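Report on one structure; see the data block that follows.
We name chains A, B, ... by the order of the sequence lines, and we start the count at 1 in each one. Everything numeric in this text was worked out from a predicted model, so none of it was measured.
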Amino acid sequence: MNGPALKVILMSATMDSERLSSYFSDCPILIAKGRTYPVNTIYLEDIYEHIEYRLTSQSAAALQGGLKTSKKHLRNQVGSGRRRQDLVWSGFGDDAILEDSLVNPLYNESLYKDYNAMTRNNLALVNEDVIDYELLEDLVIHIAEEGESGAMLIFLPGLAEIQLLLDRLTASQKFKDLATEWLLALHSSIAPDDQRKVFRIPPQGVRKIVLATNIAETSVTIPDVVHVIDCGKHKENRFDPHRGMSRMLEVWISQANARQRKGRAGRVQPGNHFCLYTKYRLENLMHPFQLPEMLRVPLVELCLQIKLLSINNMAAFLQKALDPPKLESVETALATLREVGAVNEQEELTALGYHLAALPVDVRIGKMMLYGALFGCLSPVLTIAACLSHKSPFLVPQEQKNAAERAKKAFSDNAEKIHFEDDAPQQSDHLAMVAAYNGWRQIVTKKGAGAARGHCQENFLSMPTLKMIRDMRNQFAMLLLDMGFIKFSQAIDSKAALTDFADNLTQPFNFHAQQPAVIKAALCAGLYPNVAAMDEKSVVEGHASAGSRRAGLSSLQKPRWSDGRREVFIHPSSVNADVLEFWHPFLVFHEKVETSRVFLRDTSVISPYAILLFGGAISIQHQTGHVTVDGWLEMKAAAQTAVLFKELRIALDSVLRESIEKPQENMSSRSTEVIRFIIELILDETKIAV
DNA sequence: GAGCACTGC
């Protein structure tokens with residue numbers, strides 16, 4: 001056949017067609033697009049030109065100061081009376097420095113010859129890196145008063161910014177005088193029912209104004225939008241392979257994002273796209289496309305899948321990708337696979353790696369599921385796995401924040417005392433998820449969907465998320481069954497009985513499903529080395545009797561935590577955020593994200609036993625009676641106890657190897673004994689004093 | 001004292 005090769009590419013609706021075309025410039029690509037109307041673009045300079053707005057050196061200074069995105073900082077930035085003070089606080093105390101910093105280094109007089117003096121003044125002073133809420137407010141009011149009818153859609157980077165503008169508009173007298181507006185927020189953490197409100201059509205004479213994140217860029221389409229206001233920024237999650245964690249950064253959008261946002265205006269009639277950035281920035285400073293995903297995310301799962309294809313030279317293979325990742329990123333991913341035990345020192349896929357590749361989850365979550373099956377706590381571990389890989393079922397409606405937090409805390413405190421045999425507060429976000437899911441599941445089966453919906457309302461749970469969690473649990477359970485990790489005490493006779501079999505508490509894989517200590521041990525075994533330890537100075541021996549599990553560690557102030565390399569913070573949404581007294585000085589977590597600080601999203605307090613059994617290398621300091629795990633996790637233990645744990649670890653490793661290499665076969669009686677002994681140890685820590 | 005958004009085996 002002659003002529004250019006024909007390439008057929010199936011595209012999802014959200015794929016960036018223009019970026020794709022740029023990759024395949026050698027052959028024509030036909031792109032089908034929905035019908036749209038022309039959209040008029042109004043840049044920052046045009047906004048300044050057309051609305052009465054003067055950026056004074058005072059207000060510009062406030063914009064200069066607010067480079068950080070913390071909420072406190074956001075609030076300071078927009079407060080009108082305290083700007084001078086804020087400047088001092090920001091380190092701009094000296095007026096001479098202040099004046100210097102007010103000059104926009106990007107300002108190019110020659111570009112704006114045809115604009116009026118005030119516009120030029122504003123452009124010379126403005127710091128585009130900071131969102132100007134005063135301008136935003138004026139612009140919204142301007143459009144509300146004079147713009148043609150139709151909904152307004154405002155793109156902002158995050159929830160804090162949405163709330164800030166919402167508060168500003170509600171407080172604005174001018175805006176109140178209009179009294180004909182619908183103000184709505186759109187964000188992924190808003191309950192689906194509230195999200196749906198953005199689709200309603202307002203009555204004649206009322207204008208709908210939606211404040212949204214980039215959820216409205218592709219995921220949610222509001223048909224009647226006529227005016228788009230684009231602040232030009234969004235948040236991006238970037239994985240830093242060097243530090244081994246993700247960071248949420250507020251960055252400039254790309255030209256492609258800007259095009260997509262603009263397109264949100266012209267779906268029912270010609271529209272307007274108001275940009276809070278200059279034409280110069282769009283054309284010369286913004287990247288044509290967003291940083292490709294392969295360069296932003298951890299490559300662990302991708303590398304595991306590639307290993308499964310028996311491709312040995314990982315780095316060379318990935319260099320063939322459209323956007324080859326950095327070598328460092330590949331190295332980090334391989335190091336994680338080695339750490340988890342999915343590949344050996346020679347980088348060959350192990351039996352464990354082979355099983356993990358078949359599970360559609362993060363490798364550590366996959367490992368946690370295998371441990372859950374082996375240690376008889378499958379049901380709760382599947383729930384935790386589903387929550388961590390999808391999303392938490394807990395809702396936090398802004399208006400009922402405190403009540404929602406109390407509801408979650410009640411699940412963690414095991415308030416109903418029906419989910420776990422241990423009735424103590426569990427200090428665990430993960431066990432709160434389990435309690436919430438189990439409670440919901442019981443109500444669904446006993447009283448039906450209607451009652452369950454009421455239960456969700458009362459307890460601030462998301463019904464769609466719980467349903468998704470249920471489906472994911474079933475999927476995971478079927479995969480584990482196929483692999484041979486799930487064994488029934490008596491054969492299941494029909495396919496129907498397999499539905500929700502993972503919930504069956506009479507089966508061996510669930511013998512310990514109601515014992516928090518066992519579940520937490522499985523968590524630690526899977527998620528390790530994602531653990532944090534209380535700062536030495538924060539550890540104060542508690543009031544209860546020594547040696548007892550209830551001993552507790554009390555601290556008058558909030559304890560400080562470390563991941564071994566830096567100070568880390570329990571995320572404020574965690575049930576452990578305000579706890580002063582912990583059962584043990586150790587936490588296990590799944591995700592560590594840096595925003596304003598390094599936060600641990602979901603945490604569970606775990607005992608030193610879990611770390612001794614499932615953590616890294618144990619080293620014993622015979623003289624001092626201290627044991628160190630992985631060189632930084634320190635605990636007190638008699639030398640002979642530590643030696644016993646070291647031996648137990650060797651026995652456990654061989655049991656795991658046996659069951660992972662031949663999951664279909666029944667475990668040898670010795671292995672069964674080892675597992676039984678370890679579970680006894682986990683359940684009754686007084687057996688060996690640590 | 002804080003939460004861009006998707007997807008898939």
Side-chain angles (χ1 to χ4, degrees), chain A residues 10-16 68-75 155-164 185-191 195 211-221 231-238 246-254 257 260-261 290-291 293-294 296-297 300-302 304-309 354-363 365-366 389-392 394-398 401-402 404-405 408 429 462 468 471-472 475-476 478-480 482-483 558 569-579 591 593-602:
Chain A
L10 294 174
M11 291 186 13
S12 72
T14 56
M15 195 184 268
D16 190 321
K68 291 176 194 158
T69 53
S70 82
K71 223 183 207 170
K72 184 178 166 194
H73 213 118
L74 276 173
R75 301 239 176 258
F155 284 104
L156 292 162
L159 194 56
E161 291 82 0
I162 290 176
Q163 276 162 7
L164 191 63
L186 183 58
H187 184 271
S188 68
S189 71
I190 291 169
Q195 287 196 15
L211 315 192
T213 57
N214 49 6
I215 191 171
E217 196 172 301
T218 47
S219 317
V220 175
T221 300
C231 78
K233 299 200 189 64
H234 64 184
K235 289 195 175 173
E236 221 173 61
N237 205 352
R238 289 195 193 170
S246 291
R247 281 199 273 187
M248 274 276 242
L249 301 171
E250 187 184 307
V251 293
W252 283 103
I253 59 169
S254 66
N257 293 123
Q260 176 67 16
R261 289 178 173 197
Q290 199 181 352
L291 192 68
E293 188 179 17
M294 196 181 258
R296 278 186 284 131
V297 298
V300 184
E301 273 70 43
L302 179 66
L304 182 60
Q305 294 301 323
I306 293 170
K307 278 287 166 207
L308 197 61
L309 302 172
Y354 179 78
H355 294 307
L356 293 179
L359 295 167
V361 292
D362 185 292
V363 284
I365 295 177
S389 7
H390 180 238
K391 67 180 172 190
S392 155
F394 299 107
L395 292 173
V396 188
Q398 204 47 46
K401 228 170 54 176
N402 294 335
E405 277 170 18
K408 183 178 176 187
D429 293 300
S462 161
M468 178 62 102
D471 295 345
M472 291 175 79
Q475 185 203 350
F476 297 158
M478 290 310 286
L479 289 169
L480 292 172
D482 288 345
M483 290 175 196
K558 219 180 237 192
F569 297 83
I570 298 176
H571 194 274
S573 65
S574 166
V575 296
N576 289 327
D578 298 320
V579 175
E591 212 187 9
V593 183
E594 181 171 4
T595 52
S596 55
R597 290 164 162 185
V598 178
F599 285 111
L600 313 178
R601 278 262 159 79
D602 297 298

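- Out of B/dC4, B/dA2, B/dA5, the shortest distance to the side chain of A/N237 is found at B/dC4.
- One atom, NZ of A/K235, and another, P of B/dC6, lie 15 Å apart when rounded to the nearest Å.
- A/S596 has a side-chain polar atom (N or O) that falls below the 4.0 Å cut-off from OP1 or OP2 of B/dA2.
- Summary of the strand contacts: A/Q475 and A/V220 both lie near DNA chain B, and taking for each the nucleotide with the nearest heavy atom, the more 5' one is attributed to A/V220.
- Between A/T213 and the phosphate of B/dA5, there is a side-chain N or O to OP1/OP2 separation shorter than 4.0 Å.
- Atom OG1 of A/T213 is separated from atom CD of A/E161 by 10.0 Å, given to the nearest 0.5 angstrom.
- Each of A/S389 and A/I215 was matched to the nucleotide of DNA chain B holding its nearest heavy atom; the match closer to the 5' end belongs to A/I215.
- Side-chain proximity of A/T595 to B/dC9, B/dG3, B/dC6: nearest is B/dG3.
- When distances are taken from the side chain of A/S573 to each of B/dA5, B/dC9, B/dA2, the shortest belongs to B/dA2.
- Residue A/S219 places its side chain closer to B/dA5 than to any other of B/dG3, B/dG1, B/dA5.
- Protein atom NZ of A/K401 is 12 Å distant from nucleotide atom P of B/dG1, rounded to whole Å.
- Remark: A/S188 pairs with no residue by the side-chain hydrogen bond (donor to acceptor under 3.5 Å, both in side chains) rule, at least two apart or across chains.
- One atom, CD of A/Q305, and another, P of B/dG8, lie 15 Å apart when rounded to the nearest Å.
- Atom-to-atom, NE2 of A/H355 to P of B/dC9 comes out at 21 Å; the value is rounded to the nearest Å.
- In this structure, the separation between CD1 on A/I253 and NZ on A/K235 is 15.5 Å, given to the nearest 0.5 Å.
- Of the side-chain N and O atoms in A/T218, none sit less than 4.0 angstrom from OP1 or OP2 of B/dA5.
- For A/R238, the salt bridge (Lys or Arg N to Asp or Glu O under 4.0 Å) partners are A/E236, not counting sequence neighbours.
- The side chain of A/H187 places an N or O atom within less than 4.0 Å of a non-bridging phosphate oxygen (OP1 or OP2) of B/dC4.
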